[in-house]
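Everything below concerns the one structure shown next.
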Amino acid sequence: MRKGSIAALLGLALIAGGVATAVALVPTWLPEDASQQAGRIAFTFWFVIAICIFIFAIVAAVMVYAVVKFRVREDDFEDGPPIHGHTGLEITWTIIPFVLVTSIAIVSAIVLSRNDAQAKDTLRVDVTAQQFEFTFSYPDAGNVTSPVLMLPKGRSVELYMRSLDVIHSVFVPEFSVKEDIVPGLVTQLHVTPTRLGTFPLECTELCGLGHSLMRSQAVVMEPAAFNSWLKKQEKGAAPSTTTSTTSTTSSTTPISPAQAGLMVFNQNGCSACHTLSAANATGKVGPDLDNLVSYARTAKQPLESFVHHSIVDPDAYIQPGYSKGVMPTNFGQVLTKEQLDHLVTFLVQSAQKSGNK
Ligand code: CUA
């Protein structure tokens, strides 16, 4: 009789535990790890899940067993016998959760402290967030800036993050790490990439109209490739008198100013907010750049200088139906004069092509 009950409970626990394990393991819940931190966080996650499945199996088994076995007969209206506690049972259900919760706390504390531990050769990257773009700069390499987070594989990286306006938050799911960027503070985020590739980097704090479009990428490269990229950028960032096109292209074939302008457009996140058929951009936050010709007419300005002004001083003239203070006002400083000229050429040409709408 007693043996039968234990066997039944055990069977039920195995079934419940098996179902819960399948739900945990069969769908791919987490993205594939791409950083040391992600591996440790995944370990913590699965450690907690295993404990949860263990507890769930016990609770589900006892509950189902009790419902079936102690079901009241239809004509039975009597109360059950009174129970006055059970010291052994109470000690058991206090000690087991205490041990489990304490072990989770210890594992988490170890993972947190390891994840934040910087190596000696930690690479510093400064992150500037604003509505609605990220800018990454490398202070140890002549303040090279990039709209994409370029990282060497296997090296410890510390991000120092500032916001120019509201609260943003940076998250790369494959890295498993996330941190808010708060105006007035410099927040830090440590990551050691372990896998080559391009991963989505997104803002995860509702920060205004363009929040859902505030996205960039983290590109993890071989250290040698990263260093040569940095060197090339460093040269490109220095004021030069050459008429080379944008510095991020490694191609040696000459490209037209309009093509260079398209690259500037794509690399600076313009498509997040603007529609422009020449760039396959479909952003809806700011004015539709296919209509630049008619906007310039409304503003009573020549097309080219209108486009130029609208980039460097976006709040000076606001197209009816749009708001001040949405477009970043620092493109005049972020872009080199050459990049700005290319961008203007590209926008003017594609606006003229898309007709006098
Ligand atoms: Cu920045 Cu959301």
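This one's a predicted model, so the numbers in the text were calculated from it and none came from an experiment. These numbers come from the heavy atoms of this one structure, side chains and all, not from hydrogens, waters or symmetry mates.
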Just by modelled atom types, is the [Y] backbone N or O under 3.5 Å from a matching donor or acceptor in the [X] side chain?
{"X": "H274", "Y": "P287", "result": "yes"}
{"X": "T192", "Y": "G154", "result": "no"}
{"X": "S216", "Y": "P147", "result": "yes"}
{"X": "S277", "Y": "N280", "result": "no"}
{"X": "H190", "Y": "L159", "result": "no"}
{"X": "S169", "Y": "E179", "result": "yes"}
{"X": "T194", "Y": "S35", "result": "yes"}
{"X": "S163", "Y": "D165", "result": "yes"}
{"X": "W229", "Y": "M221", "result": "no"}
{"X": "D288", "Y": "D290", "result": "yes"}

Practice item. Evaluate the side chain to side chain contact (heavy atoms under 4.5 Å, CB included) criterion for residues I181 and I167: first the C-alpha distance (whole Å), next the side-chain angles of each, then the deciding distance (0.1 Å), finally the verdict. Key: CA-CA 6 Å; I181 311 178; I167 303 177; over 6 Å; no
Could you tell me the separation between the [atom1] atom of [X] and the [atom2] atom of [Y], rounded to the nearest 0.5 Å?
{"X": "M327", "Y": "D313", "atom1": "CE", "atom2": "CG", "result": "10.0 Å"}
{"X": "I104", "Y": "I51", "atom1": "CD1", "atom2": "CD1", "result": "4.0 Å"}
{"X": "L292", "Y": "Q319", "atom1": "CG", "atom2": "CD", "result": "9.5 Å"}
{"X": "S176", "Y": "Q37", "atom1": "OG", "atom2": "CD", "result": "9.0 Å"}
{"X": "L206", "Y": "M214", "atom1": "CG", "atom2": "CE", "result": "11.5 Å"}

Review point. Any side-chain heavy-atom pair from I55 and L100 closer than 4.5 angstrom?
Key: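 With C-beta onward as the side chain, the pair touches.
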Check your understanding: Side chains of L276 and F265: closer than 4.5 Å at any heavy-atom pair?
Key ->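 SC-SC contact between L276 and F265 confirmed.
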Exercise for review: Show the numbers, then the answer: is there a side chain to side chain contact (heavy atoms under 4.5 Å, CB included) between Y65 and S5?
Suggested key: CA-CA 9 Å; Y65 182 82; S5 308; 3.0 Å; yes
Considering non-hydrogen atoms only, spot the tightest contact between [X] and [Y] and give its length.
{"X": "L343", "Y": "G261", "result": "CD1-O, 3.6 Å"}
{"X": "P223", "Y": "P152", "result": "CA-CB, 4.1 Å"}
{"X": "T345", "Y": "P257", "result": "CG2-CB, 4.3 Å"}
{"X": "V157", "Y": "L151", "result": "CG1-CD2, 3.7 Å"}
{"X": "V23", "Y": "W29", "result": "O-NE1, 2.9 Å"}
{"X": "S103", "Y": "F47", "result": "OG-CZ, 3.7 Å"}

**Study point:** Close aromatic pair by centroid cut-off 6.0 Å: F306 and Y295
**Key:** no
Exercise for review: Test side chain to side chain contact (heavy atoms under 4.5 Å, CB included) on T128 and L164 and set out the steps.
Suggested key: CA-CA 7 Å; T128 307; L164 299 183; 3.6 Å; yes
Practice item. Taking the six-membered ring of Y138 (Phe, Tyr or Trp), confirm whether the NZ or CZ of R124 is under 6.0 Å from its centre and within 45° of its axis. Key: no
Point to revise | Any residue meeting side chain to side chain contact (heavy atoms under 4.5 Å, CB included) with V64, in chain and number order, not counting sequence neighbours | key: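 Here the qualifying residues are L12, V68.
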Point to revise | Which residues share a side chain to side chain contact (heavy atoms under 4.5 Å, CB included) with T92, sequence neighbours left out | key: I96
Exercise for review: Check side-chain hydrogen bond (donor to acceptor under 3.5 Å, both in side chains) between Y322 and all other residues, then give those that pass, not counting sequence neighbours.
Suggested key: none
**Study point:** Stepwise side-chain hydrogen bond (donor to acceptor under 3.5 Å, both in side chains) test for T145 and S137
**Key:** CA-CA 4 Å; T145 63; S137 68; over 6 Å; no
Practice item. Could you walk me through whether R195 and E32 pass side chain to side chain contact (heavy atoms under 4.5 Å, CB included), step by step? Key: CA-CA 10 Å; R195 189 152 62 86; E32 201 190 328; 3.5 Å; yes
Practice item. Could you give me the CA-CA distance, side-chain angles and deciding distance for S256 and Q259, then say whether side-chain hydrogen bond (donor to acceptor under 3.5 Å, both in side chains) is met? Key: CA-CA 5 Å; S256 71; Q259 281 171 307; 3.3 Å; yes
Review point. Hey, any chance F56 and I49 share a hydrophobic cluster, counting ILVMFWY side chains that come within less than 4.5 Å of each other, even indirectly?
Key: no
